[in-house]
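Worksheet: one structure, shown below.
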Amino acid sequence: MREHIWGYIWLIPFFPMVGAAINGIFGHRLPKSLVHWIACGSVFLSFLVSVAGFVTLRGLAPAERVLTQRIFEWVAAGSTKIDLGYLLDPLSCVMVLVVTGVGFLIHVYSIGYMHKDPGYSRYFAYLNLFSFAMLTLVLGSNFLVLFVGWEGVGLCSYLLIGFWFEDAAKAAAGMKAFIVNRIGDFGFLLGMFLIFMEFGTLDFLTVMSKAPATLVVGGGLVTAVTLFLFVGATGKSAQIPLYVWLPDAMAGPTPVSALIHAATMVTAGVYMIGRTNVLFSMAPTSMAVVATIGVITAIYAGTIAMTQNDIKKVLAYSTVSQLGYMFTAMGVGAYVAGIFHLMTHAFFKACLFLGSGSVIHGMHEEQDIQKMGGLRRYMPHTFWTFLIATVAIAGIPIWAGFFSKDEILWKAWSNGFKFHWFIGFAAAGLTAFYMFRLVFLTFFGEERFDHHHVHPHESPPTMTVPLWILAVLSTVGGWIGIPAALGGANHFHQWLAPVLDAGAHAQAAHAAAEIANGGIGAGVAWAAESAGSGHAAASGAHHEAAEYVLMFLSVAYALLGILVAYFLYLLQPGIPGRIATRFKTFYELLYNKYYVDEIYQVVFVDSLVALSNTLWAFWDVIVIDGFVNGTGYVAQALGEGLRKIQTGRVQGYALTILFGAVLLAVYWAVAAAF
Amino acid sequence: MTVLLFFVFAALAVLGAVGVLACRNPLHCAVSMVGTMVSLAVLYLLHHAEFIFAIQLMVYAGAVMMLVVFVIMLLDLRREESLTAQLAGSKLFGFVLSALLFALLLVPLAARLTGMTGDMSEDQLARVGSVEFIAEKLFGPYLLPFEVASVLLLVGLVGAVALAKKRL
Amino acid sequence: MIPLEYSLTLSALLFTLGVLGVLIRRNVIVLLMCVELMLNAVNLSFVALADHLDSVEGLLYVFFVMTVAAAEASVGLAIVVALHRSRKTLYADEIDLLKG
């Protein structure tokens with residue numbers, strides 16, 4: 001038996017749940033310090049238990065690193081048995097450490113950021129509730145528990161995005177997030193139903209171990225299952241076509257954006273694919289779909305991010321883009337690379353978002369970067385941490401983003417996805433460009449704000465200390481995944497290998513590459529030609545040479561992007577404006593996010609509303625209301641008629657009595673006669 | 001002989017009843033009623049029911065009708081308009097129904113009686129008179145109804161006083 | 001001995017006349033008198049049958065009917081007095097407060 005029982009797993013989600021309950025019910029009556037001690041303390045305790053779990057796992061042999069805990073039998077319907085159980089293996093261990101660790105830092109940051117907000121206790125209650133749901137999601141031992149967490153984080157996302165619900169636009173953003181998520185969840189549910197139908201159980205360990213024997217590789221069922229699950233992932237992790245909620249979600253408080261929309265919730269889809277990697281590896285078509293959508297989302301979001309002026313919107317599109325990278329990794333079969341990028345992204349994106357929050361806080365809620373500039377003199381801590389995180393996301397060596405992003409691109413190339421490599425490569429340069437554009441416009445250059453009304457100041461230590469911790473993690477966080485090509489042992493890969501590296505991956509990846517490359521079209525002749533020659537079973541030297549070349553190319557391209565940004569925004573700041581006017585339609589297209597929101601509004605929302613109105617006008621007003629009102633009308637008419645009988649005159653009543661009596665007498669007489 | 005008397009007083013009774021129906025002045029109606037009561041009393045006598053004859057005259061013709069006359073006087077009633085003017089559709093229907101009722105009431109005459117008889121025979125009647133017979137039954141097997149009837153009369157008395165008072 | 005049919009026919013006739021009176025007359029006192037007429041008709045029926053069957057129970061029934069009729073007449077007249085006091089009218093078709 002591979003599994004071991006560890007009775008403490010339940011504590012990890014338990015502490016935040018208690019925190020949420022206390023702050024939610026009693027929070028408004030407690031003093032602020034108690035509220036944040038409870039909230040931050042509960043997440044910290046979860047972190048400690050997570051570390052203990054990590055240590056326990058390390059003490060076991062790699063093949064046996066599976067800790068389970070069964071709380072109780074949740075569903076017992078006939079022969080169907082579904083437990084409420086937890087599973088702690090290397091994959092979920094990485095996830096809980098990220099969620100509780102980064103989550104703890106964000107909780108601490110929130111103390112300073114939300115200090116003046118009247119909904120202080122409500123905020124921390126929601127944040128704890130979110131942590132509880134997210135931890136349930138990653139610790140679940142079966143699809144159902146995962147789905148409970150999945151829905152829970154969707155709910156908390158809604159609650160937190162629409163936190164300042166008095167503003168109708170912010171409340172609408174929360175609703176948009178929830179509804180778009182639900183569309184994805186429907187796909188996820190269909191996937192779950194198919195799995196249950198086929199296997200009779202939803203337990204991960206059982207399904208993953210039985211799948212290779214039961215399912216046909218490349219067959220209809222496994223492809224359908226994985227595609228449905230991926231639909232759920234596109235909703236939760238904001239990929240095309242269901243990404244539209246994430247930019248709007250910036251309406252929520254900035255720490256929420258950091259936690260939910262950068263570090264944790266949006267990564268749930270990536271985690272889910274990692275968890276079900278056995279199934280995906282058996283469906284090359286789905287892998288091709290995942291990789292293609294991932295890489296297209298990456299570049300698509302990158303192009304939009306280039307033109308945005310709201311500091312948080314740039315980061316939001318950047319998140320969508322980086323998530324695209326993670327899905328690309330999963331799609332090309334590099335599951336470990338995907339999770340690696342998930343972790344490093346959590347570090348630097350959280351740092352970026354919290355840094356932007358610090359800027360917004362210091363600029364009195366101003367979010368337009370066109371009204372900033374030169375802030376590095378006023379906010380040194382924020383500036384340096386933001387810069388470090390930006391360097392990380394741009395993929396500069398030594399910093400964390402380089403190792404994770406590079407591994408993805410290398411695996412794409414080596415598994416035969418040449419086209420996807422190219423798109424990802426192009427998007428990487430864009431990433432460097434727009435991120436440094438953000439840095440230059442915000443922290444460098446002339447000061448474009450009104451000095452009389454705005455006095456930028458640095459944030460308090462509760463906010464800057466987490467920033468520094470995250471900045472340090474953004475720097476060193478990638479060192480556990482240094483690939484063999486650069487002399488590292490890639491500990492991260494070894495850690496996750498038992499979960500994510502089953503033997504079928506390489507073949508599946510190539511099969512997927514062939515599908516992907518063939519599907520993209522004959523026009524990409526170069527890609528098709530390379531597909532035939534790009535098998536990863538090449539010799540060691542050849543393999544390493546290509547890797548170095550690609551690595552060099554990425555770094556060079558990133559530096560080029562930084563230089564272009566420097567040129568356009570610091571040296572010659574007038575040029576971007578002129579470019580925008582010269583290529584007006586193109587600029588407008590990017591600035592307005594390709595008008596996707598408007599298209600969705602007309603195609604889906606307006607048509608449904610029109611249909612509802614038509615149905616309402618007939619069925620509701622005429623049929624149902626007619627029936628109800630008609631009943632009343634009939635009763636009334638009947639009453640009107642019958643009331644004529646009651647004249648109030650006794651003699652009339654006597655006449656009626658006599659009539660009845662005579663009738664009876666007639667009856668008796670007739671009966672007696674015969 | 002008795003049959004002749006029967007017809008005479010029967011005719012008087014019917015005449016009185018018609019008078020109640022037809023008179024416009026309520027006092028005339030009351031007087032007609034008294035006539036009917038007295039005729040009926042005589043008819044009771046012809047049926048060998050001396051006790052009933054006596055109490056009919058005392059209670060009905062005496063007390064009840066006097067009460068009615070008192071009330072008519074108290075309320076100072078005027079003449080009503082004639083009967084024909086009051087006739088309406090429903091009243092015609094009333095006529096029809098009443099005629100039908102009369103016909104139906106005569107139906108049992110066609111049937112045979114069960115043939116049960118009581119224990120009052122003619123010579124016994126001549127010897128003791130109906131009063132004693134009634135008294136024997138009344139204070140014997142039918143004592144309870146007798147007592148209840150007296151309570152009923154008390155209730156009626158109290159009720160009448162309560163209803164007619166000016167202020168409760 | 002009077003034939004039973006004659007008495008019963010007379011009784012039926014008087015009863016019918018009483019019913020007709022209740023339906024026809026407007027004055028409530030006359031209405032009450034017609035009710036008394038109906039009761040008397042029934043009494044005649046009882047007496048005729050008592051005579052025919054040689055039964056004394058028939059006469060007892062008459063006794064009780066007369067008692068109840070007397071009580072009813074007194075209460076009814078008290079009601080008429082109260083009615084006159086409040087509604088100022090004694091015509092049955094003018095007393096229609098319960099008209100629906």
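Numbered from 1 within each chain, the chains take letters A, B, ... in sequence-line order.
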Against chain C, label [X] side chain, backbone, both or neither, depending on which of its atoms sit under 4.5 Å from a heavy atom there.
{"X": "B/V59", "result": "side chain"}
{"X": "B/L43", "result": "side chain"}
{"X": "B/M1", "result": "neither"}
{"X": "B/L5", "result": "neither"}
{"X": "B/Q56", "result": "both"}
{"X": "B/F70", "result": "neither"}

Pick from [options] with the largest number of heavy-atom pairs that fall under 4.5 Å of chain C:
{"options": "B/V3, B/T2, B/I55", "value": "B/I55"}
{"options": "B/T36, B/L157, B/L40, B/L97", "value": "B/L40"}
{"options": "B/A99, B/G159, B/A63, B/A30", "value": "B/A30"}

Between chain B and each of [options], count heavy-atom pairs under 4.5 Å; write down the option with the most.
{"options": "C/V81, C/L39, C/V19, C/L37", "value": "C/L37"}
{"options": "C/S7, C/A70, C/P3", "value": "C/S7"}
{"options": "C/R85, C/E72, C/E5", "value": "C/R85"}
{"options": "C/G76, C/A73, C/S74", "value": "C/S74"}
{"options": "C/L44, C/V80, C/V62", "value": "C/L44"}

For the student: nearest non-hydrogen atoms of [X] and [Y], plus distance:
{"X": "C/L23", "Y": "B/G94", "result": "CD1-CA, 3.7 Å"}
{"X": "B/S32", "Y": "B/C23", "result": "OG-SG, 4.4 Å"}
{"X": "C/V30", "Y": "B/C29", "result": "CG2-SG, 4.1 Å"}
{"X": "C/L10", "Y": "B/A10", "result": "CD2-CB, 3.8 Å"}

Classify the angle between the aromatic ring planes of B/H47 and B/F6 as parallel (below 30°), tilted (30 to 60°) or perpendicular (above 60°).
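Because their plane-to-plane angle is over 60°, the rings of B/H47 and B/F6 count as perpendicular.
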Assess whether a salt bridge exists between C/E94 and C/R87, defined as any Lys/Arg side-chain N lying under 4.0 Å from an Asp/Glu carboxylate O.
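Judged by the 4.0 Å cut-off on N to carboxylate O distance, C/E94 and C/R87 do not form a salt bridge.
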Do [X] side-chain atoms and [Y] backbone N/O form a donor-acceptor pair below 3.5 Å?
{"X": "C/R25", "Y": "C/L32", "answer": "no"}
{"X": "C/N40", "Y": "C/E36", "answer": "yes"}
{"X": "C/S11", "Y": "C/A41", "answer": "yes"}

Relative to chain B, which segment of [X] carries a heavy atom at a distance below 4.5 Å: side chain, backbone, both, or neither?
{"X": "C/V22", "answer": "neither"}
{"X": "C/L20", "answer": "both"}
{"X": "C/L60", "answer": "side chain"}

Between CD1 on residue B/I52 and OH on residue C/Y61, distance to nearest 0.5 Å:
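Result: 13.5 Å between the selected atoms.
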Is the ring centre of B/F7 less than 6.0 Å from the ring centre of C/Y6?
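Centroid distance B/F7-C/Y6: below 6.0 Å, so yes.
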